[in-house]
Amino acid sequence: MTLRLFNTLSGQLDELVPMDGKALRMYACGPTVYDYGHIGNFRTFLAIDVLRRFLKLTGTEVRHVMNITDVDDRIIQNAAAAGIPIGEYTARFEQAFLEDLEALKVQHPEQLVHATGHIPQMVELVQKLAAAGAAYQTEDGSWYFRLASFPEYGKLSKKDLSGMEDGARVDLDRYEKDSARDFALWKAAKPGETFWDTPIGRGRPGWHIECSAMAMEYLGESFDLHAGGEDLIFPHHENEIAQSESVTHKPFARHWMHVRFLLVDGRKMSKSEGNFYTLRDLLLKGYKASAIRLALISVPYRHQLNFTFDGLIEATNAVERLRTFHQRLVSGSFAEGSDPALQAAAKTAQTDYLAALSNDLNTAEARAPIFDLIRAANTSIDQGQLFAADRDAILAVLASFDAVFDVIADRDAEPTRRALEWAAQSGRLDDVAPELLARQSLTDEAIDALVAERTLAKKQRNFARADQIRNELAEKGVVLEDSKDSVRWKRK
RNA sequence: GCACCGGUGGCGAAGCGGCUAACGCGCAGGUCUGCAAAACCUGUAUACGCGGGUUCAAUUCCCGCCCGGUGCUCCA
């Protein structure tokens, strides 16, 4: 099963296979750790997670490097405003970012690397560019990339810059650049700013150079895939190509994957629109991490995803349905044997599921055969026509679904608990939904006691009291499920 | 302004030259229940933005229009 993935560079679906025949080497642009991650960030990281999980599911080894940008203008500004060293500032947000990834079950890349840990590599790259005539230093000590030296510039973003000549007529002295479009490789230190003392001067790296340096350090001069959000196509990735290929004269990354921005309530998410949500915001509103994960991956990564609270509720219900069905299979008892129709249905579901994902990671299409199978299996169970071998076959399909989607396995309590803890520590308890607090207000033991009391009341046919308890629990988000001889409860 | 993407039933969302146009959510009825809830089943909706064109055939291709969104060196 070979993945056909859209390649921004070629403008078409290309097969994604390791060029060395062994492991797929990929680089994904990680976050700039200057604030808490928002759901737009996480859509991108989730899409990349779906990619790497699919590769692994279908037998491709993955070597995935992700960077953490831990020095840039915003970080310098914010750290200064907070009056702490930038290292302390970034460590806090990196930690938060990693916790959020874990909450969403985003798998860790094989390597996580930091910009500030690779200054020598960046300096060396700038020196090589200078030697090749592709970089120059301005009077203030900054280094720039000379776009004119790289005729292929624009090949990724399909921009034709030839008609956009500048410099000739405009006074660009304040930039001290040869051309207004030349971009910074190295920024000379301004008074009071963090700087590194290096052979190319005192300063700090430009944004683009870190990815070129680190990608080549760990993946080689040419590698299989480079991924990130769609906003990175230009200028970030275009600049990475220019910097890297000017030195190596080899294709930097063969395949480029870009994840579309999401919308919130039909608008671009922005703080000023009031539709800006971090993961923590949503957890504190009482939404489950698994529902957020499913909502964010169910729309194929190249399509615009319109994030809404209705959509989150829908995802919550869908997760519930998947889990209920899974539980039904695991806890039920089934006679030995198998039903040919169900065996065939399981096989079809598995095939269609993988086929959908292999077609540019069409997650929406991939869900359909799974739900088809659930319906067929439920019908069979109701008719007593599902047997042990069928259960095993269907569980195997669910396992392969969860190898990518990973929402059936329930690890929702921990992220919510941690978010509440964080809210308490950072004085944000006001942001917590009252229902969520209510839900946390009852211990398991207290619930068990109330459930026992209700069972007794029912036995005595005191239905008024029984219903009163049921309502009380419902208010605190505890749902009761009566069965013939027992009561199960779960927190909503 | 230039460029790109999209407009499919109540909502979300696949499909994209010819199959009953997936799937999820919602909704209705049924089974179950002291009654509910949950779960399951069944059903549900006369859905392909508008106007032309190409074709034996168009939701699917082409042109125009309307609407929404995004990008054009802050941004996942």
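Worth knowing before you read on, the calculation uses all heavy atoms, side chains too, and leaves out hydrogens, waters and symmetry mates. Every chain is numbered from 1, with letters handed out A, B, ... down the list of sequences. In this text the structure is predicted, and so the values were computed from the model without any measurement.
Between A:Ile370 atom CD1 and B:G24 atom C1' the separation is 13 Å, expressed in whole Å. Rounded to a whole Å, the NE2 atom of A:His208 is 9 Å from the P atom of B:C74. The separation between A:Leu357 atom CG and B:C23 atom P is 18 Å, rounded to whole Å. Here the C1' atom of nucleotide B:G69 and the CZ atom of A:Phe307 are 18 Å apart, to the nearest Å. Atom-to-atom, CD of A:Glu238 to P of B:U73 comes out at 13 Å; the value is rounded to the nearest Å. Summarising the geometry, the separation between CG on A:Asp482 and P on B:A38 is reported as 12 Å, rounded to the nearest angstrom. Between A:Phe234 atom CZ and B:A76 atom C1' the separation is 18 Å, expressed in whole Å. The CG atom of A:Asp360 sits 12 Å away from the P atom of B:A14 (whole-angstrom rounding).
Between B:G15 and B:G24, the distance separating the two C1' atoms is 15 Å to the nearest Å. Rounded to whole Å, the P atom of B:G7 lies 15 Å from the corresponding atom of B:U59. Across the P atoms, B:C11 and B:A36 are found 31 Å apart, a figure rounded to whole Å. For the P atom pair drawn from B:A13 and B:U8, the interatomic distance equals 8 Å after rounding to whole Å. For the P atoms, the distance linking B:U46 with B:G53 amounts to 29 Å, nearest Å. Comparing the same atom, C1', in B:U31 and in B:C35 gives a spacing of 16 Å after rounding to whole Å. To the nearest whole angstrom, the two C1' atoms, one in B:U54 and one in B:C62, are 7 Å apart. A distance of about 15 Å separates the P atoms of B:C61 and B:C19, rounded to the whole Å.
Judged by distance alone with a 3.5 Å cut-off, a donor-acceptor contact links the side chain of A:Lys268 to the base of B:C75. Contact annotation: side chain of A:Arg260 to base of B:C4, donor-acceptor pair absent below 3.5 Å. Checked by distance alone, A:Asn362 brings no side-chain donor or acceptor within 3.5 Å of a matching partner on the base of B:G15. The base of B:G6 does not come close enough to the side chain of A:Gln304 for any donor and acceptor atom to sit less than 3.5 Å apart. Side-chain atoms of A:Arg470 come within donor-acceptor range of the base of B:A36, with a qualifying N/O pair under 3.5 Å.
B:A76 has no base stacking with the ring of A:Phe45 when judged by centroids under 5.5 angstrom apart and an interplanar angle below 30°.
For the pair A:Tyr34 and A:Leu305, nearest-nucleotide mapping onto RNA chain B gives the more 5' position to A:Leu305. Remark on RNA chain B: of its neighbouring residues A:Lys490 and A:Asn359, the 5'-side contact belongs to A:Asn359, judged by nearest-heavy-atom nucleotide.
In this structure, A:His303 reaches the sugar-phosphate backbone alone: every heavy-atom distance under 4.0 Å involves primed, P, OP1 or OP2 atoms, never a base. Residue contacts shown for A:Val299 are limited to sugar-phosphate atoms, with no base heavy atom under 4.0 Å away. Within 4.0 Å (heavy atoms only), A:Trp207 reaches sugar-phosphate atoms of the nucleic acid but no base atom. As judged by a 4.0 angstrom heavy-atom cut-off over every strand, A:Arg43 is placed among residues making no nucleic acid contact. Within 4.0 Å of A:Pro31, counting heavy atoms only, lies no atom of the nucleic acid at all. Base engagement by A:Gly40 is indicated by at least one non-hydrogen atom pair under 4.0 Å involving a base atom. Using a 4.0 Å heavy-atom criterion, one finds that A:Asp372 contacts the sugar-phosphate atoms exclusively. Nucleic acid contact for A:Ala364: base, since at least one base atom lies under 4.0 Å from a heavy atom of the residue. Looking at heavy-atom distances under 4.0 Å, A:Leu480 makes contact with a base. Residue A:Leu262 is classed as a base contact, given a heavy-atom separation below 4.0 Å to a base. Among the atoms of the strands shown, only primed sugar atoms or phosphate atoms (P, OP1, OP2) are found under 4.0 Å from some heavy atom of A:Phe371.
Across all strands shown, B:C48 forms no Watson-Crick or G-U wobble pair with both distances under 3.5 Å. When both distances must be under 3.5 Å, the Watson-Crick or G-U wobble mate of B:C61 is B:G53. Taking a pair to require two hydrogen-bonding distances under 3.5 Å in either a Watson-Crick or a G-U wobble arrangement, B:A37 remains unpaired. Base pairing analysis places B:U70 opposite B:A3; the two distances defining the Watson-Crick or G-U wobble pair are each below 3.5 Å. B:C27 and B:G43 make up a base pair, with Watson-Crick or G-U wobble contacts both under 3.5 Å. Of all nucleotides present, none satisfies the Watson-Crick or G-U wobble test against B:G17 with each distance under 3.5 Å. Base pairing analysis places B:C32 opposite nothing; no Watson-Crick or G-U wobble pair with both distances below 3.5 Å involves it.
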- Check against side-chain hydrogen bond (donor to acceptor under 3.5 Å, both in side chains), A:Glu99 and A:Gln95: CA-CA 6 Å; A:Glu99 282 176 14; A:Gln95 176 62 27; 3.2 Å; yes

- Task: Could you walk me through whether A:Arg323 and A:Ser290 pass side-chain hydrogen bond (donor to acceptor under 3.5 Å, both in side chains), step by step?
- Result: CA-CA 11 Å; A:Arg323 287 179 180 172; A:Ser290 57; 3.2 Å; yes

- Message: Determine whether A:Tyr89 and A:Asn78 satisfy the following criterion, side-chain hydrogen bond (donor to acceptor under 3.5 Å, both in side chains), listing intermediate values before the conclusion.
- Response: CA-CA 8 Å; A:Tyr89 182 83; A:Asn78 292 4; 3.0 Å; yes

- Take A:Arg280 and A:Asp100, measure what salt bridge (charged side-chain N to carboxylate O under 4.0 Å, His left out) needs, and give me the verdict at the end. CA-CA 8 Å; A:Arg280 285 148 199 254; A:Asp100 288 352; 3.1 Å; yes

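Closest to the A:Arg74 side chain, of the nucleotides B:G24, B:A76, B:A13, is B:A76. Across B:C41, B:A76, B:A13, the shortest atom-to-atom separation from the side chain of A:Asn378 is found for B:C41.
Aromatic ring centroids of A:His64 and A:His108 lie 6.0 Å or more apart. Between A:Phe387 and A:Phe334, the ring center distance fails the sub-6.0 Å criterion. Taking the ring centroids of A:Phe309 and A:Tyr287, they lie under the 6.0 Å cut-off. Taking the centre of each ring, A:His226 and A:His255 stay at or above the 6.0 Å mark. Ring-centre distance between A:Tyr36 and A:Phe97: not below the 6.0 Å cut-off.
For the side-chain contact (heavy atoms from CB on, under 4.5 Å) with A:Lys458, the qualifying choice from A:Asp467, A:Ile469, A:Asp482 is A:Asp482, the only one to do so. Shown are A:Arg52, A:Lys105, A:Arg293; of these, the salt bridge (charged side-chain N to carboxylate O under 4.0 Å, His left out) with A:Asp406 is made only by A:Lys105.
By the side-chain hydrogen bond (donor to acceptor under 3.5 Å, both in side chains) test, A:Ser157 pairs with A:Glu238, sequence neighbours left out.
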- Task: Any chance you could list the contact pattern along nucleotides 26-32 of chain B? Use B for base contacts, S for sugar-phosphate-only contacts and - for none, protein heavy atoms under 4.0 Å, 5' to 3'.
- Result: S------

